[in-house]
Amino acid sequence: MKTLLIIDVQNDFMPSGSLPVAHGDQIVPVINSIQNKFDLVLATQDWHPKDHISFASNHNGKSNFDVIELHGQPQTLWPDHCVQGTEGAAFHPDLNTEKFEAIFRKGTVITIDSYSAFFDNGHLKSTGLAGYLKEKGTTELFLCGLAADICVYFSIIDAYNEGFNCTFIEDASKALDNEAFEKLKNHMTKKGIKIMTSESL
Ligand SMILES: [Zn+2]
């Protein structure tokens with residue numbers, strides 16, 4: 001059973017959004033073109049309350065991209081993004097969402113941030129996604145979306161740790177920091193996570 005998990009293809013992560021990923025919009029037609037190859041298609045949305053702890057604007061004297069300590073872990077402070085119910089939190093308007101059987105939302109609790117689709121950054125709270133996938137009979141999990149070096153990466157590592165056979169679809173994803181992502185790709189392949197392009201699916 002092949003499942004596609006599409007991470008955070010939302011307006012705020014597009015080139016015109018508040019936390020832009022360069023060329024993020026280019027992955028939308030690629031993702032649309034591959035959805036029919038899967039038995040199950042799921043998506044995530046970063047979905048924050050407006051006073052979310054990951055926003056620099058909610059910390060006096062802090063700037064965007066400063067790093068603080070939160071629950072014993074480094075936490076990057078981001079520009080306000082993906083606020084619940086706003087246009088910025090909506091999927092890219094050209095993304096085909098008809099096949100999405102479920103949408104998992106993360107980052108919904110004010111005090112904790114969630115890069116991964118499975119757990120928050122401190123692994124304090126599960127989204128229930130691993131149990132959902134297991135009950136659906138998912139054996140092979142393919143991941144793509146935004147940003148490749150952050151939410152896709154942390155999702156794929158958690159998926160691997162949950163026992164799924166994982167593949168990263170490279171041309172259906174874009175990274176915020178391409179240099180950092182090259183190192184993360186090495187880390188993924190060393191674990192046995194596959195990296196493919198949409199054409200070889
Ligand atoms: Zn976020």
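In each ligand, atom 1 is the first atom listed, and ligand 1 is the first ligand listed. Computed from heavy atoms alone, side chains included, the values below leave out hydrogens, waters and symmetry copies. The structure displayed is predicted, hence computed values, not measured ones.
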Counting neighbours of NZ on Lys37 that are heavy atoms of other residues, nucleotides or ligands and sit closer than 6.0 Å, is the number greater than 12?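 Yes, enclosed.
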
If you group Ile, Leu, Val, Met, Phe, Trp and Tyr whenever their side-chain heavy atoms sit less than 4.5 Å apart, what else falls in with Val30?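 Listed partners: none, Val30 stands alone.
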
Determine whether the aromatic ring centres of residues Trp78 and Phe55 are separated by less than 6.0 angstrom.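 No, ring centres 6.0 Å or more apart.
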
Which atom pairs, one a donor and one an acceptor, fall under 3.5 Å between side chains of residues 86-93 and the rest of the protein, sequence neighbours left out?
{"from": "Thr86", "atom 1": "OG1", "to": "Val83", "atom 2": "O", "distance (Å)": "2.6"}
{"from": "Thr86", "atom 1": "OG1", "to": "Ala89", "atom 2": "N", "distance (Å)": "3.4"}
{"from": "His92", "atom 1": "ND1", "to": "Asp94", "atom 2": "N", "distance (Å)": "3.0"}

Quick one: do Asp46 and Lys106 satisfy salt bridge (charged side-chain N to carboxylate O under 4.0 Å, His left out)? Show the steps, please. CA-CA 5 Å; Asp46 213 20; Lys106 59 193 180 63; 3.3 Å; yes

Just list the side-chain donor-acceptor pairs under 3.5 Å for residues 67-76, sequence neighbours left out, or say none.
{"from": "His71", "atom 1": "NE2", "to": "Thr111", "atom 2": "O", "distance (Å)": "2.9"}
{"from": "Gln73", "atom 1": "NE2", "to": "Asn121", "atom 2": "O", "distance (Å)": "2.5"}
{"from": "Gln75", "atom 1": "NE2", "to": "Asp113", "atom 2": "OD2", "distance (Å)": "3.0"}

For the Zn ion (ligand 1), which protein N/O/S atoms fall under 2.8 Å? Skip waters.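 Metal shell, protein only: Asp46 OD2, His48 NE2, His81 NE2.
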
